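Structure first, commentary second.
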Amino acid sequence: MQMNLIGLLTGLLFGLGLLLAGMASPSKVQGFLDLAGLWDPSLAFVMGGGIGVALIFFTAAKKRSTTVLTQEAMKLPTSNVIDRRLILGSMAFGIGWGIAGICPGPALVALGTGSMGAAIFVAAMLAGMFIFERLQRQ
């Protein structure tokens, strides 16, 4: 029960941060990606701050064998292989982010605000995940 409450509070804090940073606003994201037009660099500072904080905690996590809260075994990525699947997946993610102006995390946050665009995006995302899973099984 306590872990569920911690997860809920952490998720709410993360969602609030995404909303305050403008990450759930497609026009803000597209303004950041519009390098040839009216470029809005503010999301670069948001990403830089996030990367900086994550770098500190990932560096500390590498030195631990268990998680802080639950004492479970630490499960960090170990692969550093850059293959075709990673490149194509990254390209698909980036193209989708550029077209829609939103990515999965902020889309779920925007869904909570009642955004119809977010609802359409999440439905398309779930359909894409379903299709991917079906193709993987074949």
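The structure presented is a predicted model; accordingly, all values stated were derived computationally and were not measured.
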Review point. Taking only residues two or more places apart in sequence or in another chain, which ones pass salt bridge (charged side-chain N to carboxylate O under 4.0 Å, His left out) with Asp40?
Key: Lys28
Check your understanding: Where do Pro26 and Ala100 come nearest, in terms of heavy atoms and distance?
Key -> CB-O, 3.5 Å
**Study point:** Whether over 12 other heavy atoms sit under 6.0 Å from Ile82 CD1
**Key:** no
Review point. Does a side-chain heavy-atom distance below 4.5 Å link Ile99 with Ile95?
Key: yes
Review point. Do you reckon Met47 sits in the same ILVMFWY cluster as Trp39, going by side-chain contacts under 4.5 Å, direct or chained?
Key: yes
**Study point:** Apart from Ile120 itself, residues in the same hydrophobic cluster as defined by side-chain heavy atoms under 4.5 Å
**Key:** Met116
Study note, to complete from the structure: Using a 4.5 Å side-chain heavy-atom cut-off and chaining through intermediate ILVMFWY residues, the residues clustered with Ile102 come out as Leu108, Leu111, Phe121, Val122, Met125, Leu126, Met129
Exercise for review: Consider only side-chain heavy atoms of I, L, V, M, F, W and Y, link residues closer than 4.5 Å, and tell whether Phe130 and Phe132 are in one cluster.
Suggested key: no
Exercise for review: Determine whether Ser42 and Phe32 make a side-chain contact, defined as any pair of heavy atoms from C-beta on separated by less than 4.5 Å.
Suggested key: no
Cut-off 3.5 Å, no hydrogens considered: what does the side-chain donor-acceptor table look like for residues 9-18, sequence neighbours left out?
from  : atom 1 : to   : atom 2 : distance (Å)
Thr10 : OG1    : Ile6 : O      : 2.7

Exercise for review: Apply side chain to side chain contact (heavy atoms under 4.5 Å, CB included) to Val81 and Leu86, showing your working.
Suggested key: CA-CA 9 Å; Val81 175; Leu86 175 65; over 6 Å; no
Donor-acceptor pairs are to be reported for all side-chain atoms of residues 55-67 against protein atoms at under 3.5 Å, with residues two or more places apart or in another chain.
from  : atom 1 : to    : atom 2 : distance (Å)
Thr59 : OG1    : Leu55 : O      : 2.7
Arg64 : NE     : Thr66 : O      : 3.0
Arg64 : NH2    : Thr66 : O      : 3.4
Thr66 : OG1    : Gln71 : OE1    : 3.2
Thr67 : OG1    : Thr70 : OG1    : 2.8
Thr67 : OG1    : Gln71 : N      : 3.2
Thr67 : OG1    : Glu72 : N      : 3.2

Point to revise | Qualifying side chain to side chain donor-acceptor pair (under 3.5 Å) pairs, either residue in residues 90-99, two or more places apart | key: none
Review point. Is it true that the side chains of Ser25 and Ser27 contain a donor and an acceptor less than 3.5 Å apart?
Key: yes
Review point. Is it true that Leu43 and Leu35 fall in one hydrophobic cluster, defined by side-chain heavy atoms closer than 4.5 Å?
Key: yes
